[in-house]
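Worth knowing before you read on, the calculation uses all heavy atoms, side chains too, and leaves out hydrogens, waters and symmetry mates. These numbers come from a predicted model, not from an experiment.
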Number of protein chains: 4
Amino acid sequence: MPGEKDRRRSIGARRNPATEAAVLAAAREVLAEAGYAGFSVDEVARRAGAGKPTIYRWWPNRADLLAEVYFADRAARIPEPETGRLATDLAALARSYLGAWRGSPAGAALRGLLAEAQANEAALVVLWERFLPRWSEPVRGVLGEAARRGEVEPGDIEMLAELFSGFLWLRLLTGQTDDDRAAIDRVARLLASARGRKV
Amino acid sequence: MPGEKDRRRSIGARRNPATEAAVLAAAREVLAEAGYAGFSVDEVARRAGAGKPTIYRWWPNRADLLAEVYFADRAARIPEPETGRLATDLAALARSYLGAWRGSPAGAALRGLLAEAQANEAALVVLWERFLPRWSEPVRGVLGEAARRGEVEPGDIEMLAELFSGFLWLRLLTGQTDDDRAAIDRVARLLASARGRKV
Amino acid sequence: MPGEKDRRRSIGARRNPATEAAVLAAAREVLAEAGYAGFSVDEVARRAGAGKPTIYRWWPNRADLLAEVYFADRAARIPEPETGRLATDLAALARSYLGAWRGSPAGAALRGLLAEAQANEAALVVLWERFLPRWSEPVRGVLGEAARRGEVEPGDIEMLAELFSGFLWLRLLTGQTDDDRAAIDRVARLLASARGRKV
Amino acid sequence: MPGEKDRRRSIGARRNPATEAAVLAAAREVLAEAGYAGFSVDEVARRAGAGKPTIYRWWPNRADLLAEVYFADRAARIPEPETGRLATDLAALARSYLGAWRGSPAGAALRGLLAEAQANEAALVVLWERFLPRWSEPVRGVLGEAARRGEVEPGDIEMLAELFSGFLWLRLLTGQTDDDRAAIDRVARLLASARGRKV
DNA sequence: ATGTAAGCGAGACGGTACGTCTGGTCTTATA
DNA sequence: TATAAGACCAGACGTACCGTCTCGCTTACAT
């Protein structure tokens, strides 16, 4: 029993930041220790010393919680590479993503988010509306920059981003987040050289 | 309820093909009706009139079952396109895959297989060893053919396959299996034009 | 929902009669619609547009609230019968009670009060100190009158009241509040004829 | 975690008596230690080392469980008094019942059963169909015997039983299970002397 | 010809998690 | 200082599924 004294209490009719932080920290911890396999709202509540309804109040879907854990993870802050050549930038970006996922809560969170979305309509919406746009910003940033330099046709940006994302996710989902430089470099060069214009 | 009389019995110390068929049909049915969300061994056993241990005996992981349902689905038999130009072939292939997944048991099975692999080590192994090689045959076939024609460098085949697969999976996982011809054609042209050789 | 404007506010450092009335009305309403099964402080607060702490301030136990709802119910005002013969009076009284309980908030309130007292020491105190003496007034009134007329020995009043109350409660608790005239008349005659003096 | 070894397992497609016994013992224990207030299916399952679904499988209502605990309690085996005079018999019976309830699991179980029936239709059915007939056997036995001796009119048996039961329950529900000999004797004499025939 | 090994349906088992509900307490902002 | 509002922890609710186990039966194969 958590001592009656150090129990976190309501701070009035508004969200308690301490609770929010405790829940996110607990979720992160669970993912770090046991991966998505060990992730459950019960376990998070237990560790956070929070009530389950409190969690469901603020994160109605587990996907919401996973997405928030993802972005809260410092590791998931992808630095935008600025070398000036698309192939190099994409390679750097890919290595950043895979490195950020390797053994980290963020990686487990994304795996969980994707898994969740396969069985849960609401999670799919979260993935689509809340996660994806924000997550792909760096990718679209690098490609946009390349387009401004003339390395990429603007009309190709979207599909290049999708190919690049697909590659990263496939690697994550199949458990290959190791730093496979040869593969990454080749993929980066492939994408950098690709042209989608109809001939 | 299977009448007491026509209950399927053991046929001796070997696998009963009728049971196997009933289980696969039931699994397929569940996936068709309720998707991966409604998929559970209990439900499959119920519908198949089979005992749970019987299912676990032959498909130790749900991933095993999902993979087998996938390949048993007629829709998942991807015809190898033979038009002679890589971009066209890839586009046809992509449309075949997405069409096969759209609203089909196979699509739900693959979504489930991928989801399963995120929380279950054994499922990841199934995905990796039993599913992937067989599943990607058509992709590697088309790319190999193109390499033979000189449209693709042999050293690019692997990563092109991965990019192509990643794209398809991303579309499946985010629920976009609609026949988006513009996107598919563009992706196909991008991949067909890509070169990974170091400059 | 109480509009933002007509929200009930504090009227200073004293109980707001409007709040009190709203809470009692809401409690009554809940009991009428869903019986004791649907009775919860949350639901009452919701309907009354009151805060839970406000309710707990004035009715520290749910039993307090239930008891007050009971007595506030017009139906629970039992008219004291005055026919002059004990058996007839008791029968009239019993029919009054059972009729007052049949499908009424008062009936549900008493059922709830008794249920509450089985798991909650404080509720038992309320039942014993606040509810019982007031509730049994009519019973003791009729018996006292009969004693004054010589129909009953004064020393029997208490236990006769208990027997009579027990009968009514048993009927309530087992869901038999229908107007079973034969049974009621017989019970009334049994009690009217009973003598407890040691022989 | 209960050691993997001494975990109680299924014994095939039929009820495991060891589980049944463990659950009943645990329920009894909870009631003895914490009364009905501390009674919850979760707690019973925890103590019994049983799964909640197992409990709900065999006792769909908490009332079912409470009733079974009641009758399983040795204390609840009421010896049928045989002194030959109704007043004496009834007094002995009343003292047996109240004594059996005093601080015992049976008492708590009955309090709980009655409470449960106030909020739960299914529990009311259990009380009415499964509990009452069996519980009141001794009462009807004593009254029937008296009728055979001519001390009671057969037509009065039913209502006398109800008055007697109502008295005992009222005492239980209001927490008065002490051995109040004066009251018990007087009630017994009142009932023994009562006549319900219409004059 | 018979013993035995394995498959089978059935379904109970302990366990965990689900998502919801309520209890009773606390704090704030408003009046 | 009371009020409405509503957040907070706690923990129970009843259900679904997991993967394992045991039963009682049936059949085929090896002796």
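Within residues 35-62 of chain D, the residues approaching DNA chain F are Ser40(D), Val41(D), Asp42(D), Arg46(D), Lys52(D), Pro53(D), Tyr56(D), Arg62(D), by heavy-atom distance under 4.0 Å. If you check residues 107-131 of chain A against DNA chain E, you find no residue with a heavy atom closer than 4.0 Å.
Using a cut-off of 4.0 Å between Lys/Arg side-chain N and Asp/Glu carboxylate O, Glu33(C) and Arg28(C) are scored as not salt-bridged.
Each of Pro17(D) and Arg15(B) was matched to the nucleotide of DNA chain E holding its nearest heavy atom; the match closer to the 5' end belongs to Arg15(B).
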Do Leu65(B) and Leu24(B) pass the side-chain contact (heavy atoms from CB on, under 4.5 Å) test, and can you show the C-alpha distance, the side-chain angles, and the key distance before you say yes or no?
CA-CA 8 Å; Leu65(B) 185 47; Leu24(B) 287 174; 3.9 Å; yes
If you apply the rule side-chain contact (heavy atoms from CB on, under 4.5 Å), what do you find for Ile11(A) with Thr19(A), and how did you get there?
CA-CA 10 Å; Ile11(A) 57 167; Thr19(A) 293; over 6 Å; no
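Gln118(D) pairs by the side chain to side chain donor-acceptor pair (under 3.5 Å) definition with Arg111(C), not counting sequence neighbours. Residues forming a side chain to side chain donor-acceptor pair (under 3.5 Å) with Asn16(A) (at least two apart in sequence, or on another chain): none.
Among residue pairs with one or both ends in residues 112-122 of chain D, those qualifying as salt bridge (charged side-chain N to carboxylate O under 4.0 Å, His left out) are Arg62(D)-Glu116(D); sequence neighbours excluded.
Of all heavy-atom pairs spanning Ala67(D) and Phe131(D), the tightest one is CB-CD1, 4.4 Å. For the residue pair Gly12(D) and Ser10(D), the shortest heavy atom distance occurs at N-OG, 3.0 Å. Contact between Ala45(A) and Gly51(A) at its shortest, heavy atoms only, is CB-C, 4.5 Å.
OP1 or OP2 of dG14(E) sits under 4.0 Å from a side-chain N or O of Thr19(D). Taking only side-chain nitrogens and oxygens, Arg8(A) comes nearer than 4.0 Å to OP1 or OP2 of dC9(F).
Remark: Arg15(A) is positioned above the aromatic ring of Trp59(A), its terminal NZ or CZ atom under 6.0 angstrom from the ring centre and at most 45 degrees off the axis.
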Summarise how protein sits on nucleotides 23-29 of chain F as a single string, 5' to 3': B when a protein heavy atom is under 4.0 Å from the base, S for sugar-phosphate-only contact, - for no contact.
S--BBS-
